[in-house]
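Shown next, in C-alpha cells, is the structure this report addresses.
Note: hydrogens, waters and symmetry copies are ignored here, and every other heavy atom, side chains too, is used. Proteins get letters first, then strands, A, B, ... in listed order; numbering begins at 1 in each. The shown structure was predicted, so the numbers you read here are calculated from the model rather than taken from an experiment.
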Number of protein chains: 2
Amino acid sequence: MSENSPSKKIGIKEIAKIAGVSIATVDRVLNNRKDVSESTRKKIKDLIKEHNYQPNIYARSLSVKNNLSFAVLIPKTSQQTGYWDLCLQGIKKGINEYSNFGINIQVFLYDQEDVNTFEKLNSAVLSGNFNAVIIAPIFIKETELFVEECKKQKIETLFINSDIKGCSSMGYIGPDLTSTGRLAANLTSYLVKGKSTLLILNIARGLQNYAYLNTKIDGYSNYLKDKNADYDIIVKDIPSNNYDEIEMALLRLENEIDPDLIFVTNSRVSVVGKFFDEHPELSKPAIIGFDFLYENVNYLAKGTIDFLICQRPDKQGYMALNYLYRYFLLKEEKENFKPMPIDILTIENYLFYEN
Amino acid sequence: MSENSPSKKIGIKEIAKIAGVSIATVDRVLNNRKDVSESTRKKIKDLIKEHNYQPNIYARSLSVKNNLSFAVLIPKTSQQTGYWDLCLQGIKKGINEYSNFGINIQVFLYDQEDVNTFEKLNSAVLSGNFNAVIIAPIFIKETELFVEECKKQKIETLFINSDIKGCSSMGYIGPDLTSTGRLAANLTSYLVKGKSTLLILNIARGLQNYAYLNTKIDGYSNYLKDKNADYDIIVKDIPSNNYDEIEMALLRLENEIDPDLIFVTNSRVSVVGKFFDEHPELSKPAIIGFDFLYENVNYLAKGTIDFLICQRPDKQGYMALNYLYRYFLLKEEKENFKPMPIDILTIENYLFYEN
DNA sequence: CTGAAAGCGCTTACAG
DNA sequence: CTGAAAGCGCTTACAG
C-alpha cells in the first residue's frame, strides 16, 4: 500500500566504515581505478550493491577539477526566422546548468547564407582548445572538412538539427527527418480527402544548402504513395527571403496549380499564412508547416495554418550539451543517435506547448 | 558573429576579496540575512551584479542541511491501466535527483477503487512530519477533508493529474482538462466529416469518483457545438473493468448507435481497440483516446486507434517535486497552476515520443 | 555588525 | 595496495 523510498542516502564514509577501509579506497573502486586488491574490491562492490549506494554527483562535481571546454557552432538567428534562437535558448539553459560543474562553453554563430562566416569560425574553434564541438551542419562539404580537422585534433564532434550520415564522431541529436515527412503526410490524409492537389513548398535563399529538406519530402511522398491515395504531388522552390518576391511566386503558383493543401518544408510557413490572409479572394488550402515560432503560431491561432510540426530545437540544444556532460563527466557510452520527439500543434493545444 | 559565454564562474571568495570582507559576510547578503551594515551590503550587491556572480547551487546544496520531507499520495497501478506507473516513474526521477539535496521523499499508493485505503494513508502522512504532500485527488470529499487537516498542521498541499479548484495550498500541476476535451473535438473534426454520430465513452469502475472526466466531456461538446457541425453526440458509461462485460456493453452500443467515431475519455481506450480488432465484422469507427500506455500504443500502431492524446503523467510527477524543490530550497514563489503540454500521438510519431 | 573555522560528500595528490 | 589530509564553494554555528 505504501511504497517507502527511504532516500536517506548512505555515503561513502559509511561504506568505508562498514568495509573497514578508508574512503580513498572506496573511491578507487567506485571509479574503477586500479591499485585495489581484488578481495577488497569485491567486498566494497558487494556493499555498494547491498546498500544501493549512489554517489552524490553534486559533491563529486564540486571536488573534481575537470578542464572541459565545449564549443557550439550554429547559425545565428535571422530576421526571417527565430528558429535558431530557440535552439540557443536550450544551449543557454545547458550553459547555466553545466558551468556549475566547471565546464567552459562557448557559442559561435555563423551566417547560414554566408559560408565564409562558417569557415572563419571553424578556425576559431580549432584554435580554442576545445574537447568537443556541437555543430549544426548546414554547409555539407565544409562541415565534412571541418570534422576531419577536428578528428586530427581529437576534438569530438556532435551534430544537431540535421545529420550527415556517418560523419560526426559522436552522432546526431535531432528529429528523424524521414518520419517528420511521413507525419506531415499522415496529417495531410486527415485534411484532404479524395482527389486532391498537394503543393510541397521549399522557401529559403540558398536552397542548395538545405539538402536535408529532401529527406522530409521523400518521407512525405513515400507515405502517400504507399497509401495509393488519389493525390497530385507537386514540389516547388521559392528561393527567396523577401515577402514581395514570395507573394509574386505564390500568386503564380495559385494560378497555375490551385492546391488543396500546401506543405511548407521548413519554418517559413508563416509567409504562406500571411499570403492567404492578405488574399481572401483566393480559396485557402489546408496548410502544414514547421516550428513553434511566434509568427507561425499566430496563423495557427487564426486557423490559417492547420498543423505545425515541431521538433523542439531548444531541447536539441540542451540535450546536445547534456550528452557531452554525460559522456565526459559521467563517463557514459556514446549513444550515436538520439531522435527528438516530433510534436503536433493545433489551434487547440499550442497554448500549453513548451518549446 | 561569435557569442562568448565565458562561464568561468567567479566565486564567493573572489567577491569577498574584492569587497575586503569575509565570505561569511558575502553569504549574508547573498541570502538576505540581517546583521549587515547597509554600506557593505550595498557594496557587495553592486559587486555581485557587476560580476554577474551566481552561487554554485551544488555547493550550496552540499553544505545546507535542510530537513525537508515530502510525501506523495497517488493511486497505485492497477492491472487495468499502467497510467499511474508512468506518474510514479517521474516521481522516482525526482527522488533520485532531489535526495542528493538531502530531501526525504516518501511515496504512498492508495487503491483508487477503495476509499478506505486513501483514508488510512492520510493518517500515515499526517503523522509523518512532512513539509508538503503531493496528492492526486480522486476522492473529492475525502481529499478536501485531508487538505483541511494538512492546513492545520502547516503541511503544504499540491495536486496533480486533476484539480479541485481552490482547495490545495500550492495549486495544481496537470493538464487543463477543458482544453484536453476541446483538442479531442478538434481532432474529431478532422476524422469525420458531414453528418455523423459521435459516441463518448466513460469506462471504469467507480465512475462517481471520476468527476473530472465531465470537464473533458464539456470541453469536447462545447467545441463541437460552437462549430455548428452536424453531429449527434451520445455519452455512455461502462462502469466495469472486466473485458467480457465491456465487450457485451460495446456490442449493445454498436447495435443501438453504430457510431462514426468513439471518444474514450480516459486511458482505457485499448479495450475499444481490442473490441474492434476482435470483431472485424463490425464497421470500425474512428477512435480517439488517452495516454501513452503500452496497449494503447499497440492499437495506435495497428491503425485501430487514430489519435492518442497524452498528458505526460511522468512529467507531472517530476514537475510536482521540482515545484516543491524550487519553493522550499530556491525560495521561489508559488505559481499556482502549471498546465502540462497536451501531446498528440499518431501512428507516425509515437515512436519518438518520450513519455 | 563581522570573521575564523568546521563541515557537507566527494576527489586528488602524496606518503608510505 | 592503502590511508591521511587538503580542497571544491558554499552554509552554519560560535566567538568577538
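For the atom pair CG (A:N161) and CD1 (A:I134), the distance works out to 12.5 Å, reported to the nearest 0.5 Å. Summarising the geometry, atom CG belonging to A:D163 is positioned 10.0 Å from atom CG belonging to A:D176; distances are rounded to the nearest 0.5 Å. Expressed to the nearest 0.5 Å, how far CZ of B:R60 lies from CG of B:L329 amounts to 9.5 Å. Summarising the geometry, atom CD1 belonging to A:I18 is positioned 12.0 Å from atom OH belonging to A:Y53; distances are rounded to the nearest 0.5 Å.
Residues B:Q311 and B:Y83 approach most closely at OE1-OH, 4.3 Å, considering heavy atoms. The two residues A:I160 and A:P137 make their nearest non-hydrogen contact at O-CD, 3.4 Å.
Summarising the geometry, the separation between CD1 on B:I12 and C1' on D:dC8 is reported as 13 Å, rounded to the nearest angstrom. When the P atom of C:dG9 is taken as reference, atom CD1 of A:I10 falls 12 Å away, rounded to whole Å. Protein atom CD1 of B:I103 is 18 Å distant from nucleotide atom P of C:dC8, rounded to whole Å. Atom-to-atom, CG of A:L329 to C1' of C:dC10 comes out at 14 Å; the value is rounded to the nearest Å. The interatomic distance linking A:L62 (CG) with D:dG9 (P) rounds to 7 Å, in whole Å. Spacing between atom CG of A:N100 and atom P of D:dC8 amounts to 16 Å, rounded to whole angstrom units. Here the C1' atom of nucleotide D:dG9 and the CZ atom of A:F101 are 13 Å apart, to the nearest Å. If you take NZ of B:K17 and P of C:dT2, they are 20 Å apart, rounded to a whole angstrom.
No close placement of the B:F159 and B:Y172 rings is indicated, their centers lying 6.0 Å or farther apart. Less than 6.0 angstrom separates the ring centroid of B:F70 from the ring centroid of B:F328.
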Just the table, please: protein N/O against nucleotides 12-16 of chain C N/O, every pair under 3.5 Å.
residue, atom, partner, partner atom, Å
C:dT12, OP2, A:R33, NH1, 3.4

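A salt bridge does not link A:K17 to A:E14: none of the charged nitrogens lies less than 4.0 Å from a carboxylate oxygen. Contact check on B:R312 versus B:D343 returns a salt bridge, with a Lys/Arg side-chain nitrogen under 4.0 Å from an Asp/Glu carboxylate oxygen.
Heavy-atom nearest nucleotides on DNA chain C were determined for B:A59 and for B:T25, and the one closer to the 5' end corresponds to B:T25.
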Checklist entry - How would DNA chain C look in dot-bracket form, 5' to 3', counting Watson-Crick and G-U wobble pairs with both distances under 3.5 Å and writing | for bases paired to another strand? => result |||.||||||||.|||
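Side-chain nitrogen and oxygen atoms of A:S22 include none within less than 4.0 Å of the OP1 or OP2 phosphate oxygen of D:dT2.
For the segment residues 35-56 of chain A, residues with any heavy atom less than 4.0 angstrom from an atom of DNA chain C are, sorted by number, A:Y53, A:P55, A:N56.
In this structure, the side chains of B:E149 and B:N122 stay at 4.5 Å or more apart for every pair of heavy atoms.
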